[in-house]
Amino acid sequence: MLRLYNTLTGSKEPFEPLVPGKVRMYVCGVTVYDYCHIGHARSALVFDVLRRYLEYSGFVVEFAKNFTDVDDKIIKRANEQGVSCEHVTTTYINAYYEDMEKLGVRRATLEPRATEHIADIVTLVDTLLAKGMAYRVDGDVYFQVDRYPVYGRLSKRNVDDLQAGARVDVDERKRHPMDFALWKGSKPGEPSWDSPWGPGRPGWHIECSAMAMRHLGETFDIHGGGMDLIFPHHENEIAQSCGATGKEFARYWVHNGFVQINQEKMSKSLGNFFTIREIFQKSEWPDTVTGEMLRYFLLTTHYRSPLDFSDQSLKEAKNALNGFYDLFERLNESAPVHSAGDQPMQEVMVRTREAFVAAMDDDLNTPNALAALQMLRGETNKALEAGLSSEVRRMVRQEFRALGIVLGLLQTDTWRFKTQRQQPSSGGAGASTDTLSDEDIADKLAARLAAKRSKNYPLADQLRAELASHGITIEDRPDGTSRWKR
RNA sequence: GGCGCCGUACCCAAGUGGCUAAGGGAGCAGUCUGCAAAACUGCGAUGCGGCGGUUCGAACCCGCCCGGCGCCUCCA
């Protein structure tokens, strides 16, 4: 059974959905005013894997991930560029889809946008006003924190600590410094919607409450997002949602750790962030390979730990992945009907699956899950030395595929990862600009095979060197023929 | 000031009270190979930031210290 670390209780808890067999999950998506960076990739990936694993475990998953498409930063960006807010949000929503597709992040089953839920938001704010948990100031509406006595239970803070530590200028109109905006009266030129309190737009937190309740109900199972959302965003969501309904909002709160650069948080203010598309552009590998490298890398660390991004770690992920694809290529080759290594593999596959499931059940321990796959790789290689039948080869490959899909890995068929990109856009002077076609390679391999048969090894080595200069590596099979990879 | 996290081999990274401290990457040696690649085998922390303490027993629990980081403000 899956155990998940719940931020609300501070411990790993057995996961049981409210409705048996069905999981309702809401994850805070992105504010669409800029391209996504690796931190966004990690968050998206973590919840993508959680969703995949829940489905693997037999649950039907209703997964909502929102787009925040009305916000100060969007307005600012639109003004800077002299375009409409719609233009900004459309641009970056499309970019988001492109980036996520390259990462193999599946789309959520529901992808609500704040601007499509203004009516729900207005209703929710109205409820809070009617219950005396919110108050109006000019055209704004604020949530009154001291009307929700357990405020701070998610982030383990108490209101007094927050007050003492507050470093921001406090809006004098608020009754309490921690009160937060549910509805903001709009200034001229800003997007606005009519409301009982005059034209305005929703505050940041209210949209998630309104959309989650609309699509998943007043109480649902899992609410996720980055660590930084614990306070104030999720804390405020809890206050306003529970305040309005009197019921629990989300039952399990799941938060992923940050991506860092040189031990420091990646952030725009430090200027040390990498966008997802930047990484794909700089990569010397095709998008499918780069996507899998990135995915593998992001899963080598447990989701709640900080993770340091670097070119080297990405390269290590690539090398680790090579071992799997080298193996798959060999599994693909024809073999006898019965072989000596067949028998032990059945048991190994069972053990692998048990280890994999145990790892994932333990709060999504993907590093251990990957270790299970590595164990299967090693055992398969050993069995291959003894000989494996075609049937068992097929079964083993299928096992890698079945477990790999939970992590979104090991689904590709080609060992050589298709065609190498000609030149990274970061382009060093020494980068090779020419690429050999598959036909050229086949010709040279044939010539080399002929040379080997006639024991003309100097020529054979010369042909190998030529291919090597184009980044092609050759592996000779025992029968004298060869396979190759880029 | 408040709340919280981290420090495990050359690098990355599991493990959080009890078999020989997972796994990957890199490295070295060997087997195989015309050479290579891949694979396989072996080597690699008597020790888990430091010092105390609890315990029959601690990387794991407690205390102090050192070092690094996060949140408290928009932020995945």
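In what follows, every chain begins at residue 1, and chains take the letters A, B, ... in the order their sequences are listed. The shown structure was predicted, so the numbers you read here are calculated from the model rather than taken from an experiment.
Using a 4.0 Å heavy-atom distance criterion, A:Tyr457 is classed as a base contact. Across all strands, A:Leu229 comes closer than 4.0 Å only to sugar-phosphate atoms, never to a base (heavy-atom distances). If you check every strand for non-hydrogen atoms under 4.0 Å, A:Ser313 touches nothing. Base contact: A:Arg157 has a heavy atom under 4.0 Å from a base atom. A:Lys265 comes within contact range of at least one nucleobase, with a heavy-atom separation under 4.0 Å. Heavy atoms of A:Met266 sit under 4.0 angstrom from at least one base atom. As judged by a 4.0 angstrom heavy-atom cut-off over every strand, A:Phe258 is placed among the base-contacting residues. Here A:Lys455 lies out of heavy-atom contact (under 4.0 Å) with every strand. The residue A:Asp461 sits close to a base: some heavy atom pair falls under 4.0 Å. The residue A:Asn365 sits close only to the backbone: its heavy atoms come under 4.0 Å of sugar-phosphate atoms, none of a base. In this structure, A:Val46 reaches neither bases nor backbone, as no heavy-atom distance under 4.0 Å exists between it and the strands shown.
Panel note: side chain A:Ser305, backbone A:Thr301; no donor-acceptor pair is recorded below 3.5 Å.
Interface residues of residues 24-39 of chain A facing RNA chain B, ordered by number: A:Gly29, A:His37, A:Gly39; criterion, heavy-atom separation under 4.0 Å.
Annotation: B:rC48 and B:rC11 have their P atoms spaced 16 Å apart (nearest Å). Straight-line distance between the P atoms of B:rC66 and B:rC51: roughly 15 Å, to the nearest whole Å. Rounded to a whole angstrom, the distance from the C1' atom of B:rA37 to that of B:rA58 is 46 Å. Distance noted for atom P between B:rC64 and B:rC28: 46 Å (whole Å). Here, B:rC6 and B:rG53 have their P atoms 25 Å apart, quoted to the whole Å. If you take atom C1' in B:rC35 and the same atom in B:rA13, they sit 37 Å apart, rounded to whole Å. Rounded to whole Å, the separation between the P atoms of B:rG50 and B:rU41 comes to 33 Å. Look at the C1' atom in both B:rA21 and B:rG68: the space between them is 24 Å, to the nearest Å.
For A:Phe63 and A:Tyr26, the ring centers sit 6.0 Å or farther from each other. Taking the six-membered ring for Trp and the full ring otherwise, the centers of A:Phe180 and A:Tyr142 sit at least 6.0 Å from each other. Residues A:Tyr92 and A:Tyr33 keep their aromatic ring centres 6.0 Å or farther apart. Note: A:His223 and A:Tyr252 fail the aromatic proximity criterion, with ring centroids not under 6.0 Å apart. Aromatic pair A:Tyr151/A:Phe143: centroids not less than 6.0 angstrom apart.
Side-chain N/O atoms of A:Gln144 and A:Asp146 include a donor and acceptor closer than 3.5 Å. In summary, the side chains of A:Thr7 and A:His255 do present a donor paired with an acceptor at a separation below 3.5 Å, with no hydrogens or angles considered. Side chains of A:Arg157 and A:Ser155: a donor on one and an acceptor on the other come within 3.5 Å. Between the side chains of A:Glu466 and A:His470, no donor N or O sits under 3.5 Å from an acceptor N or O. Defined by atom type and a distance below 3.5 Å, a donor-acceptor pair is missing between the side-chain atoms of A:Glu111 and A:Tyr96. Using a 3.5 Å distance cut-off with no hydrogens or angles, the side chains of A:Arg330 and A:Asn381 do pair a donor with an acceptor.
Here the C1' atom of nucleotide B:rA37 and the CG atom of A:Asp476 are 8 Å apart, to the nearest Å. Atoms CZ (A:Phe274) and P (B:rA76) sit 18 Å apart, rounded to a whole Å. What separates CG of A:Leu327 from C1' of B:rC40 is a distance of 13 Å, to the nearest Å. To the nearest angstrom, P of B:rC11 lies 16 Å from CZ of A:Phe297. Counting to the nearest Å, the P atom of B:rA76 and the CZ atom of A:Phe67 are 13 Å from each other. Distance CE (A:Met227) to P (B:rC71): 11 Å, rounded to an integer number of Å.
Ring pair A:His234/A:Trp253 is tilted by interplanar angle, where 30° to 60° counts as tilted. Taking the six-membered ring for Trp and thresholds of 30 and 60 degrees, A:Phe220 and A:Phe249 have ring planes more than 60 degrees apart, a perpendicular arrangement.
Evaluation of the side chain to side chain donor-acceptor pair (under 3.5 Å) rule for A:Glu264 yields no partner, not counting sequence neighbours.
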Summary of protein contacts for nucleotides 20-25 of chain B, nucleotide by nucleotide, where a base hit scores B, a sugar-phosphate-only hit scores S (4.0 Å, heavy atoms): --BSBS

Residues A:Arg304, A:Asn256; criterion side-chain contact (heavy atoms from CB on, under 4.5 Å); working and verdict: CA-CA 5 Å; A:Arg304 285 191 282 116; A:Asn256 66 276; over 6 Å; no

Atom pairs under 3.5 Å, N or O on each side, protein against nucleotides 16-18 of chain B: can you list them with distances?
none

I'd like a list of close polar pairs between nucleotides 5-10 of chain B and the protein, N/O only, cut-off under 3.5 Å.
none

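The base of B:rA76 is not paired with the side chain of A:Arg42 by any donor and acceptor separated by under 3.5 Å.
A:Lys382 has a side-chain polar atom (N or O) that falls below the 4.0 Å cut-off from OP1 or OP2 of B:rU41.
Listed by first residue number, the stems of RNA chain B with at least three Watson-Crick or G-U pairs below 3.5 Å are B:1-7 with B:66-72, B:10-12 with B:23-25, B:27-31 with B:39-43, B:49-53 with B:61-65.
In terms of position on RNA chain B, the residue among A:Leu307 and A:Asn256 whose nearest nucleotide sits closer to the 5' end is A:Leu307.
Considering only the side chain of A:Ala460, B:rG34 comes nearest among B:rC74, B:rA13, B:rG34.
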